[in-house]
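Letters go in sequence order (proteins before strands), and every chain restarts at 1.
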Amino acid sequence: TQLLEQSPQFLSIQEGENLTVYCNSSSVFSSLQWYRQEPGEGPVLLVTVVTGGEVKKLKRLTFQFGDARKDSSLHITAAQPGDTGLYLCAGDGAGGTSYGKLTFGQGTILTVHP
Amino acid sequence: KAGVTQTPRYLIKTRGQQVTLSCSPISGHRSVSWYQQTPGQGLQFLFEYFSETQRNKGNFPGRFSGRQFSNSRSEMNVSTLELGDSALYLCASSLVAGSGNTIYFGEGSWLTVV
């Protein structure tokens with residue numbers, strides 16, 4: 001059973017367009033983290049959101065944690081080719097019983113064409 | 001401050017052999033967790049260690065094992081390798097495991113079983 005549903009799985013857009021990636025679950029998470037991964041490398045942390053309703057901005061990236069801490073979104077404004085990569089959402093503390101166990105979404109492969 | 005360091009980066013093993021992968025966490029981090037990443041299954045949690053104790057374990061067979069040393073360094077071992085064990089094995093560390101504690105990943109160890 002996939003606890004975190006991430007959508008879309010693939011996104012191919014032109015430079016300058018906006019996009020949103022969604023991460024949804026029926027479980028409540030203590031925190032949710034977004035990562036970006038390049039081929040052959042480990043995931044690199046973008047942001048951690050902890051509080052329900054929290055919004056964090058990282059340059060052109062805006063992250064939101066749902067009020068009930070069950071869902072999150074990543075919005076990229078004016079995408080650039082350098083944004084190309086695999087974006088992963090990961091929830092921590094699902095059901096309040098996990099230690100160090102992140103539950104990952106399936107990932108979104110983003111391709112930004114020049 | 002050095003990141004999470006994993007060795008070796010790449011290795012090729014034959015079916016039936018065993019393999020040991022090593023991880024050095026970020027200095028001061030006491031929680032170390034391991035993940036397996038494959039194209040079909042995505043990122044899946046293997047186990048987590050804190051103060052040399054395994055506190056959490058994913059749904060993997062007993063061929064997958066790990067340990068943590070007093071300096072927080074960790075190793076994972078896979079015995080009787082199968083073709084399906086070919087994957088990117090990622091180690092991650094955090095200060096402690098708990099709500100809102102950010103988890104940082106290493107670059108991973110690429111294991112190919114032939």
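- Each of A:Leu32 and A:Tyr22 belongs to its own hydrophobic cluster when Ile, Leu, Val, Met, Phe, Trp and Tyr are linked at side-chain heavy-atom distances under 4.5 angstrom.
- Heavy-atom distances place both the backbone and the side chain of B:Ile103 under 4.5 Å from chain A.
- Between the CD atom of B:Glu107 and the CD atom of A:Glu38 there is a distance of 11.5 Å, given to the nearest 0.5 Å.
- Closest approach of B:Leu43 and A:Pro43 over heavy atoms only: CD1-CG, 4.4 Å.
- Interface residue A:Gln37: only side-chain heavy atoms are found under 4.5 Å from chain B.
- Residues of residues 56-63 of chain A lying under 4.5 angstrom from chain B, judged on non-hydrogen atoms, do not exist here.
- B:Leu111 and B:Met76 fall within the same hydrophobic cluster, defined by Ile, Leu, Val, Met, Phe, Trp and Tyr side-chain heavy atoms under 4.5 Å apart, directly or through other members.
- Applying the ring-ring contact (aromatic ring centres under 6.0 Å, His included) rule to B:Phe60 yields the partners B:Phe64; only residues at least two apart in sequence or on another chain are considered.
- Side-chain heavy atoms closer than 4.5 Å link hydrophobic residues (I, L, V, M, F, W, Y) into clusters, and following such links, even through other members, never connects B:Val32 to A:Val44.
- If you measure heavy-atom distances from B:Gln6 to chain A, you find no contacts under 4.5 Å at all.
- Atom CD of B:Gln37 sits about 8.0 Å away from atom CZ of A:Phe104, to the nearest 0.5 Å.
- Formation of a donor-acceptor pair under 3.5 Å by the B:Tyr35 side chain with backbone atoms of A:Leu102 is found in this model.
- The number of heavy-atom neighbours closer than 6.0 Å to CZ of B:Arg9, taken from other residues, nucleotides and ligands shown, is above 12.
- By the 4.5 Å heavy-atom criterion applied to side chains, A:Leu45 and B:Tyr104 are counted as neighbours.
- When the heavy atoms of residues 65-90 of chain A are compared with those of chain B, the residues falling under 4.5 Å are A:Leu86, A:Leu88, listed by number.
- Connectivity analysis of hydrophobic side chains (ILVMFWY, heavy atoms under 4.5 Å, direct or indirect) links B:Ile12 to B:Val114.
- Cluster membership for B:Trp34 and B:Tyr10, using ILVMFWY side-chain heavy atoms within less than 4.5 angstrom, is not shared.
- More than 12 heavy atoms of other residues, nucleotides or ligands shown are found within 6.0 angstrom of CG on B:Asn71.
- Hydrophobic clustering keeps B:Val113 apart from B:Leu88 (ILVMFWY residues linked when any side-chain heavy atoms are closer than 4.5 Å, directly or through intermediates).
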